[in-house]
Amino acid sequence: LDMSSELKFPVPWGHVAAKAWGPSEGRPVLCLHGWLDNANTFDKLIPLLPRDCYYVAMDFSGHGLSSHRPAGSPYHFLDYVTDVRRVAAALQWRRFTLMGHSMGGSVAGMFCFLYPEMVEKLILLENLGFLLAPEDTEAWLKSKRLVIDRLLSLEAKQQAPKAWSPEAALQRLLEANTHLTAEGGAILLQRGATETPAG
């Protein structure tokens, strides 16, 4: 565990970087760093931990060696939770231990709340986790998990844009927006579609 290897996971705006220690077939542990820190937070701790685990410490987006989100984009905790989901999917981890320090503990707690079936253990360092008022719990859980799952589903389905004839594009727009007239739809398509040789 004294030596680490570097990992990179593609995301729509670049990559999420990570460091890994231990045997890749070991018990999976995902390590989440604190506010304005990076994966090196765990350099001194990991060598002291059990050797039968595979520790992956990710750099959150905009931290360490990970890509920054596009200029002007906010960095919300839910976005970090989504990044954890992306990294877990890339590693093909169905169930794993989450270890979070400070801000990473809040992200780990939120992830644990949204995806309890994926978390075997939760380890918090200098953090209380994630707390919600009981009356807010169910609605928050449903809405936030739906947002993350839909986003990742859309990313997985990314395809080249389809080309349509102007008539077919207008028809699809009118079907999706039943309040529009054909004239209104044609006006919107002038600016909302790009003509190519294929359509």
Side-chain angles (χ1 to χ4, degrees), residues 6-20 27-42 45-46 54-159 176:
E6 293 290 330
L7 304 172
K8 276 188 178 180
F9 306 100
V11 293
W13 59 91
H15 68 272
V16 169
K19 295 174 72 167
R27 290 183 301 147
V29 179
L30 188 59
C31 307
L32 308 178
H33 65 77
W35 182 258
L36 300 181
D37 291 344
N38 57 57
N40 281 1
T41 293
F42 299 97
L45 177 61
I46 299 296
Y54 183 50
Y55 301 94
V56 175
M58 60 184 277
D59 288 328
F60 285 124
S61 296
H63 295 74
L65 301 179
S66 287
S67 301
H68 288 262
R69 293 187 187 278
S73 297
Y75 287 82
H76 294 297
F77 276 68
L78 201 60
D79 297 322
Y80 293 137
V81 171
T82 306
D83 290 348
V84 169
R85 189 86 162 83
R86 286 182 176 104
V87 168
L91 291 165
Q92 298 180 352
W93 287 359
R94 292 185 170 288
R95 195 157 169 80
F96 54 95
T97 295
L98 264 174
M99 179 166 53
H101 169 248
S102 190
M103 179 188 82
S106 296
V107 173
M110 193 179 291
F111 185 92
C112 190
F113 182 73
L114 288 166
Y115 297 98
E117 72 280 6
M118 295 182 74
V119 180
E120 183 179 338
K121 295 178 185 173
L122 176 63
I123 302 167
L124 300 175
L125 308 171
E126 297 182 316
N127 189 278
L128 296 175
F130 177 69
L131 305 171
L132 274 179
E135 63 272 11
D136 298 334
T137 302
E138 192 67 29
W140 192 92
L141 175 63
K142 282 183 182 177
S143 68
K144 301 309 182 225
R145 184 166 171 151
L146 183 66
V147 165
I148 292 172
D149 291 348
R150 281 188 179 167
L151 173 67
L152 296 180
S153 175
L154 284 173
E155 286 177 9
K157 291 182 193 174
Q158 269 192 335
Q159 309 165 12

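In this structure a side-chain-to-backbone donor-acceptor pair under 3.5 Å is missing from Ser102 to Trp35.
Annotation: salt bridge (charged side-chain N to carboxylate O under 4.0 Å, His left out) contacts involving residues 115-126, sequence neighbours excluded, comprise Glu117-Arg145. Judged as a salt bridge (charged side-chain N to carboxylate O under 4.0 Å, His left out), the pairs with a partner in residues 63-80 (not counting sequence neighbours) are, in order, Arg69-Asp83.
A 6.0 Å sphere centred on CD of Gln92 holds no more than 12 heavy atoms belonging to other residues, nucleotides or ligands.
Put simply, CH2 on Trp13 and OG on Ser61 are 4.5 Å apart, with the number rounded to the nearest 0.5 Å. Atoms CZ and CZ, from Phe111 and Phe96 in turn, are 4.0 Å apart once rounded to the nearest 0.5 Å. Between the CZ atom of Arg94 and the CE atom of Met118 there is a distance of 8.5 Å, given to the nearest 0.5 Å. For the atom pair CG (Leu45) and OH (Tyr55), the distance works out to 8.0 Å, reported to the nearest 0.5 Å. A distance of 9.0 Å separates CE in Met99 from CG in Leu32, rounded to the nearest 0.5 Å. In this structure, the separation between OG1 on Thr82 and CE on Met110 is 10.0 Å, given to the nearest 0.5 Å.
In terms of heavy-atom proximity, Ile46 sits nearest to Cys31 at CD1-SG, 4.0 Å. Heavy-atom minimum distance, Ala20 versus Val56: CB-CG2, 4.2 Å. Asp59 and Ala39 get closest at one heavy-atom pair: OD1-N, 2.7 Å. Across all non-hydrogen atoms, the minimal contact from Tyr75 to Gly62 is OH-CA, 3.8 Å. Among all heavy-atom pairs drawn from Val119 and Arg95, the shortest one is O-NH1, 3.3 Å.
With sequence neighbours excluded, no residue forms a ring-ring contact (aromatic ring centres under 6.0 Å, His included) with Phe42.
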Practice problem: Mind running side-chain contact (heavy atoms from CB on, under 4.5 Å) on Ile148 and Tyr115 for me, showing each step along the way? | Solution: CA-CA 11 Å; Ile148 292 172; Tyr115 297 98; 3.2 Å; yes
Self-check item: Worked check of side-chain contact (heavy atoms from CB on, under 4.5 Å) between Arg86 and Val16
Solution: CA-CA 9 Å; Arg86 286 182 176 104; Val16 169; 6.0 Å; no
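Residues Asn40 and His33 have side chains not in contact (no heavy-atom distance under 4.5 Å, counting atoms from C-beta outward). Put simply, the side chain of Val11 does not reach to within 4.5 Å of the side chain of Ser66, judged on heavy atoms. A heavy-atom distance below 4.5 Å is found between the side chains of Met58 and Leu30. Leu7 has its side chain out of reach of Val87: every pair of non-hydrogen atoms, C-beta onward, lies at least 4.5 Å apart. You'll find the side chain of Asn38 stays beyond 4.5 Å of the side chain of Leu65, heavy atoms only.
Ring geometry, His63 versus Phe60: the interplanar angle exceeds 60°, so the pair is classed perpendicular (tilted spans 30 to 60°).
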